[in-house]
Student: 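Here it is, the structure, as structure tokens.
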Amino acid sequence: MKNLLRLPPLSSTRPTNLTVFPVISTFFATSATAVTEPEPPVDKEDFPSSPIIQEKDLLRKSFKFQSGLHVLDLIDAGSLEPTAAIYTQLLKKCTQLKRLNEGRLVHAHFLTSRFKDDLFFHNSIINLYSKCGSLEDARNAFDEMRVKDMVTWTALITGYSQNDRPKEALTLFPRMLRLGLKPNGFTFASLLKACGAATPGDESCEQIHAACIKYGCQSDVYVGSSLLDMYARHGKMDEACLVFDRLDSKNEVSWNALIAGYARKENGEIALKQFWEMQRSGFEATHFTYSSVFSACASIGALEQGKWVHAHMIKSGQKLTAFVGNTLLDMYAKSGSIKDARKVFERLDKRDIVSWNSMLTGCAQHGHGKETVCLFEEMRRLGVQPNHITFLCVLTACSHGGLVSEGRHYFELMKKYKLEPEVEHFVTIVDLLGRAGLLDQALEFINDMPIQPTAAVWGALLGACRMHKNAELGKFAAERVFELDPHDAGPHVLLYNIYASAGRWDDAAKVRRMMKESGVKKEPACSWVEIENLVHMFVANDDSHPQIKEIHRMWEKIDGKIKEAGYVPDTNHVLLYVDDQEREAKLQYHSEKVALAFALLNMPPGATIRIMKNIRMCGDCHSAIKHVSKVMGREIVVRDTNRFHHFSGGSCSCGDYW
DNA sequence: ATAGGGTTAG
């Protein structure tokens, strides 16, 4: 869909694939404001004895001291003349304060009053239950109403939409249309949110978009930002952009939805560009903006730009809330500056579970195993309840830090917190045992798992076999992975490397052939480095960079120096090249080496070089960069998919254990 | 009486 405004109006061209809204095109004649449904076949006598009434006195007691109920007492005592508006006001208060039980009581009291058919009140009731998260109550209230208007339907749609039940929200829409009720901007804002949250297949972005146009709601700002957000959540950034460009009036929310869309799509650079564009257009960044932008910076490791945005936030006088603080912390951690991450963590007034988890993750990824464990113990001392992610962080830290007994201990500790280990936790334990060389124990652990092992579980064992050069077990693990997930290139490469380093080139070639036959493709390796607010990206064996000749000359120079210092190229890490000389040639142009040479050419002497990589670092690059850090006297930080490597003085923070 | 945008792991 290139042009959004050219969507056909549904009344003239009836789409053939109307699944979600089969009757959308037949309802434009009537513009009913409220619809009375036929009386339900329920014995009226049932109503006064409904559970709500029976609970009344009980609830009353527990809320006696509460303010709103005092008003009900006054009504009961005859000293206050009730009006429908009084009840609605009371209910509004309960909704704001999320006092479900108090609201129930007002509801019950209201039903005994002479206003019991007031539509506004009943609509508010649906809103009360929805906002309190009690969708079943909202639905019951809705079902019991005989007179419903558009607001009634919208309130319930909103309830489902806000409580993460998009499917139900979407199915209500055609039913509403069928009754001749005309949706408005409120209705569409909620519907679009639901549509954005629906799984592909359940939703119908284009149809609901067409309906917005049909009912003249497309120029509403709320509808507009929901619309662009909906497209963004389905990964359709081109459409989202088009919607954004065509908005009659933009506001912070529309900008935020756009930026968040790019940030989620791992398109950090565009998200950042849009952020500065937003400033230029005169819009104030909000908490939403900053958290999206910081997570965008985190994903591409843009430390310098992240610092700029941080400064921008401080200048604008924004308070550091947990929500923004967490993304800021994560940005610093993921951009390689664990010290700054820690500073943000210390400075947070209120730390929630995400703050703790982010800090733990940061520590773990930087290889500070013991520190992670200490932090976790501090968290426990303070009585913060850990969750599944917390344990995943801690177990990962133990695994990366070689803390085997600690890892086992914390795995057992999950039970104490009434947390059932999920498959990810099992993966981490296999990784923990495997890394430590306890391959038999790892296998035994897998065999004893109470749940079905997934490809990731066997993959962890395979990785360990690669590390400890165990070809037989590696082959076995790889076969299990191939059965469960035949399309992942990673395990193929691992097995290839296992055979290659054992000198079993025939077997290696077989793996290679297998990959070719099944069409499994290795993700192209790339590295990037941020210099003066610009992110430079390098793909292996790609010559397109304008400075490429200088870069290669630089690497050759470095290569000579580190070889003098004892670096021996490890050609086992190259896939598919036959003769050794060629293998070494290819090895020189691994993207992290190119990025490093580029950074050495362009960064001031002494500055720390920070390189990001989209896959795990290879052993040869790891060894080469260790030598570079010594020979050139540089601090070099490399972030790969798993963790950080801080190179300095010829060694790495991972202790060659990664 | 009813509405839209943000975080942590693997």
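This is a predicted model, so every value here is computed, not measured. Lettering of chains follows the sequences in order, A, B, ..., and the numbering in each one begins at 1.
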Student: Within the structure shown, what part of the strands sits under 4.0 Å from A:R233 by heavy-atom distance: base, sugar-phosphate, or nothing?
Tutor: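 Result for A:R233 = sugar-phosphate.
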
Student: Atom CE in A:M313, atom OG in A:S291: separation rounded to 0.5 Å?
Tutor: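 It is 10.0 Å, given to the nearest 0.5 Å.
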
Student: Specify the separation, in whole Å, of atom CG of A:L360 and atom C1' of B:dG10.
Tutor: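 So the two atoms are 16 Å apart, to the nearest Å.
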
Student: As a test of reading the structure: which of B:dT2, B:dT7, B:dG10 is closest to the side chain of A:K131, going by heavy atoms?
Tutor: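 Looking only at side-chain atoms, A:K131 lies closest to B:dT2.
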
Student: Check for me whether the distance between the ring centres of A:Y410 and A:H425 falls short of 6.0 Å.
Tutor: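 That pair fails the under 6.0 Å test.
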
Student: Classify the nucleic acid contact of A:D220 as base, sugar-phosphate or nothing, counting any heavy atom under 4.0 Å across all strands shown.
Tutor: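 Base: the residue A:D220, judged by heavy atoms under 4.0 Å, touches a nucleobase.
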
Student: Let me know the distance between CE of A:M278 and C1' of B:dG6, rounded to the nearest Å.
Tutor: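 The distance from CE of A:M278 to C1' of B:dG6 comes to 12 Å, rounded to the nearest Å.
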
Student: Among B:dA3, B:dA1, B:dT8, which nucleotide has an atom closest to any side-chain atom of A:D149?
Tutor: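 So the side chain of A:D149 is nearest to B:dA1.
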
Student: Measuring from the side chain of A:A260 (C-beta onward, heavy atoms only), which nucleotide among B:dT8, B:dG6, B:dG4 has the closest atom?
Tutor: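 The answer is B:dG6.
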
Student: For B:dG10 and A:R616 - does any side-chain N or O of the residue sit under 4.0 Å from the phosphate oxygens OP1/OP2?
Tutor: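 So the side chain of A:R616 is outside the cut-off, no N or O lying under 4.0 Å from OP1 or OP2 of B:dG10.
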
Student: Across the strands shown, which category fits A:V324 at heavy-atom distances under 4.0 angstrom: base, sugar-phosphate, nothing?
Tutor: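 If one applies the 4.0 Å heavy-atom cut-off, A:V324 turns out to touch a base.
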
Student: For B:dT7, does OP1 or OP2 lie under 4.0 Å from any side-chain N or O of A:R264?
Tutor: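 Result: no.
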
Student: B:dA1 P sits how many Å from A:L181 CG, rounded?
Tutor: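 Spelled out: CG on A:L181 to P on B:dA1 is 19 Å.
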
Student: Using atom NZ of A:K93 as one end and atom C1' of B:dA1 as the other, report the distance to the nearest whole Å.
Tutor: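 Whole-Å distance recorded here is 16 Å.
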
Student: Should the side chain of A:N642 and the base of B:dG10 be counted as holding a donor-acceptor pair, with the cut-off at 3.5 Å?
Tutor: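 Such a pair does not exist between side chain and base.
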
Student: How far apart are the closest heavy atoms of A:R408 and A:L432, and which atoms are they?
Tutor: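 Closest approach of A:R408 to A:L432: N-CD2, 4.2 Å.
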
Student: Under 5.5 Å centre to centre and under 30° between planes: does that hold for A:F121 and the six-membered base ring of B:dA1?
Tutor: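 No; centroid distance or tilt outside limits.
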
Student: Given B:dT8, is OP1 or OP2 found less than 4.0 Å from the side-chain N or O atoms of A:N326?
Tutor: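 Answer is no, no contact under 4.0 Å.
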
Student: Is the count of non-hydrogen atoms from other residues, nucleotides or ligands lying under 6.0 Å from A:R347 atom CZ greater than 12?
Tutor: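 No - once you tally the heavy atoms of other residues, nucleotides and ligands closer than 6.0 Å, there are 12 at most.
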
Student: Answer with base, sugar-phosphate or nothing: what part of the nucleic acid does A:V221 contact at a heavy-atom distance below 4.0 Å?
Tutor: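 Touches a base.
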
Student: Please give me the minimum heavy-atom distance between A:S161 and A:S190, naming the atom from each residue.
Tutor: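 Heavy atoms of A:S161 and A:S190 come nearest at OG-O, 3.1 Å.
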
Student: May I ask you to check whether A:F391 and A:F376 place their ring centres under 6.0 Å from each other?
Tutor: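 Yes - the distance between ring centres of A:F376 and A:F391 falls below the 6.0 Å cut-off.
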
Student: Between atom CG in A:L328 and atom P in B:dT8, what is the gap in whole Å?
Tutor: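 Distance, rounded to whole Å: 13 Å.
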
Student: Check every strand shown and say whether A:S291 touches a base, only sugar-phosphate, or nothing at a heavy-atom separation below 4.0 Å.
Tutor: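 Base, at least one base atom sits under 4.0 Å.
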
Student: With the side chain of A:V151 defined as its heavy atoms from C-beta on, choose the nearest nucleotide among B:dG4, B:dG6, B:dT2.
Tutor: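 My answer, after comparing the listed nucleotides, is B:dT2.
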
Student: Of the nucleotides B:dA1, B:dA3, B:dG10, which one has an atom closest to the side chain of A:T396?
Tutor: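 Ranking B:dA1, B:dA3, B:dG10 by closest atom to the A:T396 side chain puts B:dG10 first.
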
Student: Counting only side-chain N and O atoms of A:T428, is one of them less than 4.0 Å from OP1 or OP2 of B:dA9?
Tutor: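 Indeed not, no polar side-chain atom of A:T428 lies that close.
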
Student: So A:S226, base contact, sugar-phosphate only, or nothing? Heavy-atom distance under 4.0 Å.
Tutor: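 Answer is sugar-phosphate: A:S226 comes under 4.0 Å of backbone atoms only.
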
Student: Does a side-chain N or O of A:K250 approach OP1 or OP2 of B:dG4 to a distance below 4.0 Å, or not?
Tutor: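 For B:dG4, OP1/OP2 do not have a side-chain N/O of A:K250 under 4.0 Å.
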
Student: Looking at B:dT2, B:dG6, B:dT8, which one has an atom nearest to any side-chain atom of A:T154?
Tutor: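 Taking heavy atoms from C-beta onward, the closest nucleotide is B:dT2.
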
Student: Looking at B:dT7 and A:F323: do their rings stack (centroid distance under 5.5 Å, interplanar angle under 30°)?
Tutor: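 So yes, this residue stacks on that base, both cut-offs being met.
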
Student: Heavy atoms from C-beta onward define the side chain here; which of B:dT2, B:dA1, B:dG6 lies closest to that of A:H287?
Tutor: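 That would be B:dG6.
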
Student: Does a side-chain N or O of A:K334 approach OP1 or OP2 of B:dA9 to a distance below 4.0 Å, or not?
Tutor: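 For A:K334, the contact criterion (side-chain N or O under 4.0 Å from OP1 or OP2 of B:dA9) is met.
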
Student: Please classify the nucleic acid contact of A:T286 as base, sugar-phosphate, or nothing, using heavy-atom distances under 4.0 Å.
Tutor: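 Here A:T286 touches the bases of the nucleic acid.
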
Student: Should A:Q162 be listed as having a side-chain N or O under 4.0 Å from OP1 or OP2 of B:dG4?
Tutor: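 Indeed, a polar side-chain atom of A:Q162 lies that close.
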
